[in-house]
Amino acid sequence: MDQAHRNQAGDLRVLHHPVLGDLPESRPVQITVDGQPLLAREGETIAAALLAHGILVCRTMPGGREPRGVFCALGRCADCLMTVDGEPNVRACLTPVREGQVVWTQAGLGRWEGRAG
Amino acid sequence: MKTTGIAVIGAGPAGIAAALAASEAGAAVTLIDENPSVGGQLRWRIAPLRGLGDGLDGLPACQAVERLEERLAAADVSVLTNAVAWGLFEDGSLAVATPGGGFLLQAEKIVVATGSVDLALPFPGWTLPGVLTARAAQILLHLHRVLPGRRVAVLGEGLDAAELVTDLETAGAEVVLRAADPAQVVVSGEGRVEWVTANGDRREADAVVIALGRQPDPELALQAQVDLGYSARLGCHLPLRSALLETSRPGLYVAGEAAGAADLAESFAEGRLAGLAAAGAATERIAATQEALARARSPERSVEVDRLRRGTRDRAQVEADASAPWRSWGRAVTAEGRDNSLGRVALCRCEQVTIGEVRQSIEEGALTINDIKRRTRAGMGLCQGIFCTRAMALLLHAERGIPLSEIVPMTERPPARPIPLVSLVEIEE
């Protein structure tokens, strides 16, 4: 793989960009995805952190378990719904990462865990 | 109930231009956007700006945002980000949801500048993770600095597709396949994109970008049930407007891509005109802005704007280029029996309604998009039909011969976005 696109956080990051310049330093943010630790960049969305690490699936659809991932990245299609800190149906493409955040691939409509819904 | 002089919905190029112009003309302006910061598509595009004037030309779009933010601050525009304007009601009040709670906003005038969304049409494999819209790819590449894939197929052959190919290659991805016609594309893989086949060419790929063009998204204006006219260029309906961009509902303006503007320069110029008109600026100033707008438009678009003017009787259309990607899709899909491989593809991603089920509903008597929706649930999901109603219209046209100009959008009702119930319960009146 091209060295230009490799870094510690994942190998799909664009470290050097002819128009945008070098990827600025950022504070690493530790999150947990399906029980596994994952290093994200401060300020990015959950969806971006997952994709940077080559994780494409955000949820499976009700009935049939068809996998879905980021489609519009604008909060319109709702394909990227995940369960975040116990709350289901959170749009991964709009939600910023936060230290200690617990993210699960969502099955179907999901269910509330943790705090009362 | 909060009040403002002019509410501008959408802080993309048209909305920012409208807010700045209205403020310059002395109005109290509230600019509302659902994103965490202003700029709209300028935030995630890097192509150099052209034809905007105002000291912005030549800058990569994303770098112009900072300057526009400074101007908004200097102009004393009240900017609400992370704020979703989800309803426009009969009494003229706007419902807004924010992380801090919901409220109603009463504005003397409203400018809808909500832009467009990517045009998407179903093909086998289009729901697989790794298939994404052109904007999603640009957002990942430029806002988040993440490649959507290393080997990417790009669908479409217009300006959006060309920009995407440049963006992908600039960032270091390889474009392994290009295809113009979505009806000829098959994407396959185990739980994610692995293979793309188009026109007999089969390539390994890890992402597919749908760059077929855009479709206007004037949802709040549709909620207000403004008069519409058909654009043969875009294959969809647009709000009819006066020369000053006011819709059939007095005090409600639509500007920019939400009304069919063809590029950033036109969107910016339309926003400026709508802002000045809404603020009741001096006649000379409005006339000069109208001239600038006329210069920003292509001859083809100027003809369309004239035909889609309120009160105009001649709505004869300039036909779109026959190669527009949406033209052949319906015919290609209906050329075979309902149970072919395309029949099993989801037309409505949210409610998982297949092309075959929609075709069956048409065979059983559905004559409008609302009919299909009631019979199948297609269009009732979280995306509110934004990614499936075009395909429904094309199927109605192909199966029944109904002219596209007579297939009106489905009825839009609040909320325009999914909102938490708490923002209704705690609404501040």
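A note on names: the letters A, B, ... follow the listed sequences, proteins ahead of strands, and every chain is numbered from 1.
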Can you name the nearest heavy-atom pair linking [X] to [Y], along with the distance?
X	Y	answer
B/Pro129	A/Pro67	CD-O, 3.5 Å
A/Met61	B/Cys350	CE-O, 3.5 Å
B/Ile210	A/Phe71	CD1-CE1, 3.8 Å
B/Asp206	A/Leu56	O-CD2, 4.4 Å

How long is the span from the [atom1] atom in [X] to the [atom2] atom in [Y], to the nearest 0.5 Å?
X	Y	atom1	atom2	answer
B/Arg145	A/Leu15	CZ	CG	7.5 Å
B/Asp118	A/Cys77	CG	SG	11.0 Å
B/Leu132	A/Leu51	CG	CG	8.0 Å

Would you mind telling me which of [options] has the largest number of heavy-atom pairs within less than 4.5 Å of chain B?
options	answer
A/Val57, A/Val70, A/Leu94, A/Leu74	A/Leu74
A/Gly75, A/Cys93, A/Pro62	A/Pro62
A/Leu20, A/Asn89, A/Val19	A/Leu20
A/Ala78, A/Gly69, A/Ala73	A/Ala73
A/Arg68, A/Glu44, A/His17	A/Arg68

Part of [X] lying under 4.5 Å from any heavy atom of chain A:
X	result
B/Leu382	both
B/Asn82	neither
B/Trp126	both
B/Arg349	both
B/Ala134	neither
B/Gln63	side chain
B/Pro36	neither

(message) As an exercise: rank B/Leu140, B/Val193, B/Ile139, B/Val117 by heavy-atom pairs under 4.5 Å with chain A and give me the winner.
(response)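 So the answer, after comparing B/Leu140, B/Val193, B/Ile139, B/Val117, is B/Ile139.
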(message) Which one wins on heavy-atom pair count under 4.5 Å against chain A: B/Gln384, B/Arg135, B/Gln352?
(response)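 Among B/Gln384, B/Arg135, B/Gln352, the one with the most close pairs to chain A is B/Gln352.
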(request) Given side chain to side chain contact (heavy atoms under 4.5 Å, CB included), test B/Val146 with A/Val14 step by step and report yes or no. (result) CA-CA 6 Å; B/Val146 174; A/Val14 182; over 6 Å; no
(request) Assess whether atom CD of B/Glu66 is packed by more than 12 heavy atoms of other residues, nucleotides or ligands within 6.0 Å. (result)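 12 or below, so no.
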(request) Would you mind reporting whether A/Cys72 and B/Phe387 have side-chain heavy atoms less than 4.5 Å apart? (result)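 Result yes, sub-4.5 Å side-chain heavy-atom pair found.
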(request) Pick one of side chain, backbone, both or neither for A/Asp79, based on which atoms fall under 4.5 Å of a heavy atom in chain B. (result)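 Only the side chain of A/Asp79 comes within 4.5 Å of chain B.
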(message) Report which part of A/Thr60 has an atom under 4.5 Å of a heavy atom belonging to chain B: side chain, backbone, both, or neither.
(response)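 No part of it gets close to chain B.
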(request) Decide, yes or no, whether a salt bridge links A/Arg76 with B/Glu219 under the criterion of side-chain N to carboxylate O below 4.0 Å. (result)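 Looking at B/Glu219 together with A/Arg76, the answer is yes, because their closest N to O distance falls below 4.0 Å.
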